[in-house]
Amino acid sequence: MRKPIIAANWKMNKLTSEAMDLAREVRNKVGTIADREIVLCPPFTVLSSVKGVIEDSSIKLGAQNMHWEIRGAYTGEVSSVMLKDIGCNYVILGHSERRRYFGETNETVNKKARIAFSTGLIPIVCVGERLQEREKGETLRIIEEQVKTGLSGLTREQGKGLVVAYEPVWAIGTGKTAMPDQAEEVQRFIRKLLGQMFGEENAQAIRILYGGSINPGNISALMSCENVDGGLVGGASLNVESFVKIVHY
Ligand code: 13P
């Protein structure tokens, strides 16, 4: 039904030679896998180099962010057409680190998601509550706001092609993974919201990933949840052994 996605978010790591080495090792080990999608999301500076390495494999390329305009006077920014031009298939939008350190909001995520679709990129839209929000019982309210605002105005057809990543902020880079039932509760709720926005049938096609301290030891339990369709992997994707084990969950 829904083809699982294992996506690697390398964040701000890897120089050119390191990135090419890692991409080559990943390609050599899992570059012909067909029953799940593998997406590498390196920093902008090595997107082209990594693309060259994975070109003839089944591995896809993703960026970690982009601007909401196609071109213009936006010093330091990169646009969706530029990403498409160098061979990206995916773009991560609204990662909690961008929300926290760079002022990303649900509104800017929404502008970016719309332009991503019109350029032919598939957005991986990240949502997730902070620890204090979970402790106050606000998790589902926060998620609802992020989903409804972040994805507003997309067509049903676009909605169907979307990827959503649930990344509880308290689980990112902390070694604290959400329990499978915690992930499932929120991801089931996200699918319900997507059903209201894009229609039940389309919502059933949308891949919803989990992210936050995924490692080879916890991926299988997470993937056994009905509404977990893959993983967005940070730290453990920087090492070929652990990433390949995760791919083979
Ligand atoms: P970690 O896997 O390092 O917790 O990072 C998760 C993440 O932010 C992926 O986007």
Side-chain angles (χ1 to χ4, degrees), residues 4-14 18-19 22-23 26 36-44 46-47 50 59-66 83 88-102 104 109 112-113 116 121-131 133-134 139 142-143 146-147 150 162-180 182-183 186-187 190 207-223 225 228-249:
I5 299 179
I6 303 292
N9 178 5
W10 291 357
K11 306 193 179 183
M12 196 174 71
N13 294 290
K14 304 291 177 190
E18 300 166 333
L22 178 55
V26 172
R36 54 202 71 186
E37 243 177 280
I38 299 171
V39 184
L40 299 184
C41 305
F44 290 133
V46 296
L47 280 168
V50 168
I59 300 170
K60 306 269 176 58
L61 188 68
Q64 299 172 16
N65 179 40
M66 62 174 215
L83 298 178
C88 285
N89 314 95
Y90 288 91
V91 60
I92 298 172
L93 297 179
H95 191 281
S96 70
E97 286 148 17
R98 296 223 56 89
R99 293 177 190 260
R100 174 166 178 206
Y101 302 121
F102 304 103
E104 187 87 87
V109 169
K112 293 178 181 190
L121 288 175
I122 301 172
I124 302 174
V125 176
C126 302
V127 299
E129 81 287 1
R130 292 176 295 177
L131 183 59
E133 292 162 344
R134 174 162 282 267
T139 298
I142 294 291
I143 298 291
Q146 291 173 335
V147 169
L162 192 65
V163 179
V164 177
Y166 169 54
E167 299 207 309
V169 179
W170 47 270
I172 295 177
T174 57
K176 277 190 225 159
T177 325
M179 292 291 117
Q182 288 175 313
V186 176
Q187 301 196 193
I190 292 172
R207 270 88 56 91
I208 306 178
L209 316 183
Y210 167 81
S213 296
I214 289 180
N215 62 47
N218 59 28
I219 183 71
S220 299
L222 289 159
M223 289 303 295
C225 299
V228 176
D229 306 312
L232 184 51
V233 189
S237 73
L238 296 173
N239 170 280
V240 68
E241 275 77 33
S242 57
F243 184 64
V244 165
K245 279 187 194 152
I246 291 167
V247 167
H248 285 304
Y249 66 86

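Just the heavy atoms: all of them, side chains too, but no hydrogens, waters or symmetry mates, feed the values below. Whatever order the structure lists ligands and atoms in, that order sets their numbers, starting from 1.
- Shown in contact with L232 at under 4.0 Å from a heavy atom are these atoms of ligand 1, numbered in order with element: 9 (C), 10 (O).
- Here's the thing with V233: none of its N/O atoms is less than 3.5 angstrom from an N/O atom of ligand 1.
- In terms of protein heavy-atom proximity, atom 9 (C) of ligand 1 is closest to E167 OE2, 2.9 Å.
- For R36, there are no salt bridge (Lys or Arg N to Asp or Glu O under 4.0 Å) partners two or more places apart in sequence or in a different chain.
- Interatomic distance, L40 CG to K60 NZ, rounded to the nearest 0.5 Å: 11.5 Å.
- In terms of polar-atom proximity, defined here as any N/O pair under 3.5 Å, N9 does make such a contact with ligand 1.
- Using a 4.0 Å cutoff on heavy atoms, G173 counts as a contact of ligand 1.
- The backbone of A171, and not its side chain, has at least one atom closer than 4.0 Å to an atom of ligand 1 (non-hydrogen atoms only; backbone = N, CA, C, O).
- Of all atoms in ligand 1, listed by their number and element, those nearer than 4.0 Å to a heavy atom of S213 are 1 (P), 2 (O), 4 (O).
- Within the 4.5 Å cutoff, the side chain of L222 has heavy atoms near those of the T177 side chain.
- When only non-hydrogen protein atoms are considered, atom 3 (O) of ligand 1 lies nearest to G235 N, 2.8 Å.
- Using modelled atom types and a 3.5 Å distance limit, the side chains of H95 and Q64 yield no donor-acceptor pair.
- Between A171 and Y210, the shortest heavy-atom contact is CB-OH, 3.6 Å.
- When only non-hydrogen protein atoms are considered, atom 2 (O) of ligand 1 lies nearest to G234 N, 2.9 Å.
- In terms of modelled atom types and a separation under 3.5 Å, the side chain of N9 and the main chain of G234 share no donor-acceptor contact.
- At least one side-chain heavy atom of V240 sits under 4.5 Å from a side-chain heavy atom of L22.
- Taking a cut-off of under 4.0 Å to the non-hydrogen atoms of G212, the atoms of ligand 1 that pass are 4 (O), 6 (C).
- Each of the following atoms of ligand 1 lies closer than 4.0 Å to a heavy atom of K11: 5 (O), 6 (C), 7 (C), 8 (O).
- Every N/O-N/O distance between A236 and ligand 1 stays at or above 3.5 Å.
- The N/O atoms of T174, backbone and side chain alike, include none that comes under 3.5 Å of an N/O atom in ligand 1.
- Side-chain contact between T174 and S213 is present, with at least one heavy-atom pair separated by less than 4.5 Å.
- Under the 3.5 Å distance criterion, the side-chain polar atoms of S242 are matched with a main-chain donor or acceptor of A236.
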